[in-house]
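Have a look at the structure below, then the notes.
Scope of the values below: all heavy atoms of this structure, side chains included, with no hydrogens, waters or symmetry mates.
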Amino acid sequence: FPHGSNETAVKVFEAERAMDAGATELDMVLNIGRLLSGEEDYVRQDIQAVVEAAHARGAIVKVILENAYLSDEQKILACRLCAEAGVTVSAIPGPCALVTALAVSGLPTGRFTFEGFLAMNKKNRRTHLQSLAAEERTMIFYEAPHKLSATLGDLQDAFGADRRISLCRELTKLHEEVRRTTLGEAVDYYRANPPKGEFVLVVEGAPHQAPEQMTLEAGVERMVQLMEAEKLSRKEAAKRVAAETGLGKNELYQKSLVN
């Protein structure tokens, strides 16, 4: 479909016409041009409108991507928006459970770390999670149903209640389930609903933290250390610290003369 203000209306009209003709399963083709241009609101509008029209007539919606050449961010967007609209996002069987879970999680897939099963010992488990406090990559864990609630509690303590998580079980099987939520909501849900089956937990990584900028005074102190320890000249020390910190070489040199 071309861009235009009436695109959603056209999609809804064609969907309704197909279902009025007796279609019980509807293929919806997402306009990848919109995903490529980052028009998230338009994509969400398209999906929700067609899904509502289909649900009103009891039809099933399948979402098909026009182009497989999508970036990591665009795949995440498509997966998340479909899930938010109530469209089931499933994956065909893959090489292993962690890859399949990652693909349908709606979380970043570009870089991830597989952490496996956490230790049985509570102290060791918490030490493991503390070591991941600043981990920016998506994290993947395996967990058994009888330990899920305790593990979710530990994850919440380590990463905070608002950290996003996708809990995946029975993937590619009859009772497949993917619950996309936050750690806090997951703790509450499984406290009231005993889990069944083996789980793959896909946890959002920590937000990127830009390194703190070293002050000019601290940079001069570093220069003095280098000059004393490595016998560098003032000019050489200023050049080294500038390369290490991003501070201006000339500013460092002039400040060191004052000190």
Side-chain angles (χ1 to χ4, degrees), residues 24-28 30 47-48 51 54-55 58-65 68 70 72 75-120 125 128-129 132 135 137-156 158-159 161-205:
T24 58
E25 185 173 284
L26 176 67
D27 288 352
M28 176 186 174
L30 286 186
I47 296 172
Q48 290 178 338
V51 168
H55 285 176
I60 298 171
V61 180
K62 294 191 303 181
V63 177
I64 302 170
L65 299 181
L70 298 178
D72 183 42
K75 292 173 185 175
I76 296 166
L77 175 62
C79 177
R80 177 168 57 80
L81 293 182
C82 289
E84 288 176 0
V87 177
T88 299
V89 179
S90 298
I92 61 173
C96 60
L98 76 91
V99 172
T100 303
L102 182 64
V104 299
S105 67
L107 295 174
T109 60
R111 298 178 67 234
F112 65 91
T113 173
F114 176 56
E115 300 297 323
F117 286 96
L118 291 172
M120 294 281 290
R125 186 164 68 246
H128 183 170
L129 292 176
L132 298 172
E135 177 57 69
R137 295 172 294 179
T138 300
M139 297 168 282
I140 304 175
F141 303 86
Y142 285 166
E143 194 50 279
H146 65 279
K147 295 196 300 178
L148 181 67
S149 292
T151 295
L152 288 175
D154 288 339
L155 289 170
Q156 178 180 241
F159 305 138
D162 294 331
R163 185 74 68 90
R164 290 187 297 167
I165 181 174
S166 289
L167 301 100
C168 311
R169 70 180 190 91
E170 300 293 318
L171 292 175
T172 73
K173 298 178 182 177
L174 179 62
H175 300 292
E176 175 179 308
E177 180 185 23
V178 180
R179 183 169 297 278
R180 302 172 186 87
T181 183
T182 63
L183 284 170
E185 291 172 350
V187 168
D188 293 339
Y189 178 83
Y190 287 105
R191 185 181 293 129
N193 301 274
K196 298 178 181 179
E198 300 291 326
F199 281 79
V200 182
L201 309 178
V202 186
V203 182
E204 180 182 31

Exercise. What distance do T138 atom OG1 and L98 atom CG have between them, rounded to the nearest 0.5 Å?
Worked result: 12.0 Å
Seminar exercise, completed: Rounded to the nearest 0.5 angstrom, the CG-OG distance for L201 and S105 is 11.5 Å
Seminar exercise, completed: d(F141 CZ, L155 CG) to nearest 0.5 Å is 5.5 Å
Exercise. How many angstroms lie between CG in L152 and CG in L183, if you round to the nearest 0.5 Å?
Worked result: 7.0 Å
Problem set entry | Spacing of CD belonging to E185 relative to CD belonging to Q156, to within rounding of 0.5 Å | 10.5 Å
Problem set entry | Residue list, side chain to side chain donor-acceptor pair (under 3.5 Å) with T151, at least two apart or on another chain | E143
Exercise. In chain order, what residues pass the side-chain contact (heavy atoms from CB on, under 4.5 Å) check against A158, with sequence neighbours excluded?
Worked result: L129
For this session: For residues E198 and P145, determine if any side-chain heavy atom of one lies less than 4.5 Å from a side-chain heavy atom of the other.
Result: yes
Exercise. How would you list all residue pairs meeting ring pair (Phe, Tyr, Trp, His ring centres under 6.0 Å) that involve residues 167-198, not counting sequence neighbours?
Worked result: Y190-F199
Exercise. Considering the options T113, L132, V203, which one meets the side-chain contact (heavy atoms from CB on, under 4.5 Å) requirement together with R137?
Worked result: T113
Exercise. Does any N or O in the side chain of R179 come within less than 3.5 Å of the main-chain N or O of A186, such that one atom is a donor and the other an acceptor?
Worked result: no
Seminar exercise, completed: In short, salt bridge (Lys or Arg N to Asp or Glu O under 4.0 Å) pairs touching residues 87-103 with sequence neighbours left out are none
For this session: Check whether any side-chain heavy atom of V202 sits under 4.5 Å from a side-chain heavy atom of V104, and report yes or no.
Result: no
For this session: Mind running side chain to side chain contact (heavy atoms under 4.5 Å, CB included) on M120 and K147 for me, showing each step along the way?
Result: CA-CA 9 Å; M120 294 281 290; K147 295 196 300 178; 3.2 Å; yes
For this session: Apply salt bridge (charged side-chain N to carboxylate O under 4.0 Å, His left out) to D162 and list each qualifying residue two or more places apart in sequence or on a separate chain.
Result: none
For this session: Nearest 0.5 Å please: distance from the CZ atom of R164 over to the CZ atom of R180.
Result: 11.0 Å
Exercise. For the residue pair E115 and H128, what are the closest heavy atoms and their distance?
Worked result: OE1-NE2, 2.7 Å
Exercise. Do the non-hydrogen side-chain atoms of L102 and V200 ever get within less than 4.5 Å of each other?
Worked result: no
For this session: Work out which heavy atom in F114 is nearest to a heavy atom in Y142; give both atom names and the distance.
Result: CZ-CE1, 3.6 Å
Problem set entry | T100 side chain near T172 side chain, heavy-atom distance below 4.5 Å | yes
Exercise. Got a sec, which residues hit salt bridge (charged side-chain N to carboxylate O under 4.0 Å, His left out) with R163, two or more places apart in sequence or on another chain?
Worked result: none
